[in-house]
Amino acid sequence: MNYIRTKNGILVKNAKDFEPRHVFECGQCFRWKAMPGGSYSGVAGGRALRVKKVGNDILLEGTDERNFHEYWAGYFDLSRDYGAIKETLSRDPVLKRAVEYGSGIRILKQDVWETLVSFIISANNRIPRIMSTIERMCQSFGERKEQNGETYFDFPAPGRLAAMDEKDLRGCGCGFRAKYVLKAARIVSEGRADLYSLENADTEDARDALLYFPGVGPKVADCIMLFSMAKFDAFPVDVWVKRVMEHYYLKRETSLAQIRRLACERFGPLAGVAQQYLFYYARGTMGKATDRG
DNA sequence: TTGCAGGGGTCAA
DNA sequence: TTGACCCCTGCA
């Protein structure tokens, strides 16, 4: 990819398949906030960043070239050709519309531990509350850092959360998910599961391993694999994806497991990317979407 | 103003 | 297969 250094950041040139609003509001991440003027501000990988579209370019403010290469280029999946992915998916007439609607979506490569906890919290929950719960957890238990005079908080490490009580986590707004987060933290910090090795496992094996965590069912496991392990054949089915799949493809009430199976057959190794376009399309066009950040 | 249903699922029975 | 689960919001 092409980029130039600026005074306090990196300008990625001709990033035509990168629209910050699509990337940050398609439901894959919870720590990016929309700022006045259309930029997004967030924390990932222990680093703070501001992201803004400038014409056809993307300005990443608050990083240097080293951190850009070490972290952000991978996080934003910048080496992948989403134009080619969209072309392939657009052979399907429904996906063609969905891809046009969310043309700037990219699948982020997020931290596995943070993604595990975030999606445990997402169960039967709404986006604004998920975001505020995670932010409170970070402020209460995450490492405090400063960058250009601004304070931000890292996502708390497994050992840090493992040392807490259930009531501490309830205090952050986790609700009934507090016990799941706590147990997951203890499993990871005690070395009973190696989250980061799952990236190298095949999708079915990684899925089985994730289902071992309390609070992780089929949908959450698929989200973790798609949004932190680049397993693009994972197809998370939530109510919106169920809705859009039944409406445009299946024409009848269908079980979650069956929708997942049919989608994987139909979309193959790009099923997860297709899911993101369909999800964003459904959220924007099908009925009420009152809880969008 | 108050009350109630329901939400980007999972668990347990 | 079904109800309970935190708690906040929208709506009657």
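Lettering follows sequence order; numbering is per chain, from 1.
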Looking at every strand, decide which applies to A:F213 at a 4.0 Å heavy-atom threshold: base, sugar-phosphate, or nothing.
sugar-phosphate
In Watson-Crick or G-U wobble terms, both distances under 3.5 Å, what is the partner of C:dC8?
B:dG6
Quickly work out the A:K219 NZ to B:dG7 P distance and round it to whole Å.
14 Å
May I ask you to say what A:G215 touches in the nucleic acid, namely base, sugar-phosphate or nothing, with a heavy-atom cut-off under 4.0 Å?
sugar-phosphate
Without decimals, in angstroms, what is the distance between A:R129 CZ and C:dT9 C1'?
11 Å
Inter-nucleotide P distance (C:dC7, B:dT1), Å rounded:
24 Å
Any link between A:W240 and A:I121 through a network of hydrophobic side chains (Ile, Leu, Val, Met, Phe, Trp, Tyr) touching at under 4.5 Å?
yes
Closest nucleotide of DNA chain B for A:Q276 versus for A:Y180: which of these residues is on the 5' side?
A:Q276
First of A:I130 and A:K183 reached from the 5' end of DNA chain B, by closest nucleotide
A:I130
C:dT9 and B:dT10: how far apart are their P atoms, nearest whole angstrom?
24 Å
Base, sugar-phosphate, or nothing: which does A:R170 touch, judged by heavy atoms less than 4.0 Å apart?
sugar-phosphate
Can you classify the ring geometry of A:W32 versus A:W72 as parallel (below 30°), tilted (30 to 60°) or perpendicular (above 60°)?
perpendicular
Go through C:dT9, B:dT10, C:dC6 for me and flag the one nearest to the A:A123 side chain.
B:dT10
Taking the same atom, C1', in B:dG8 and in C:dT1, what whole-Å distance lies between them?
22 Å
Using a 4.0 Å heavy-atom cut-off, does A:V216 contact any base of the nucleic acid, only the sugar-phosphate backbone, or nothing at all?
sugar-phosphate
If we take the P atom in both C:dC6 and B:dA13, what is their distance in whole Å?
15 Å
Determine the interplanar angle of the A:Y40 and A:F24 rings, folded into 0 to 90°, and report it as parallel if under 30°, tilted if 30 to 60°, perpendicular if over 60°.
tilted
Classify A:P214 by what it touches in the nucleic acid, base, sugar-phosphate, or nothing, heavy-atom distance under 4.0 Å.
sugar-phosphate
Can you measure A:R260 atom CZ to B:dG8 atom P for me and round it to whole angstrom units?
21 Å
Between A:F30 and A:F119, does a ring pair (Phe, Tyr, Trp, His ring centres under 6.0 Å) hold up when you go through it step by step?
CA-CA 10 Å; A:F30 303 104; A:F119 280 90; 5.2 Å; yes
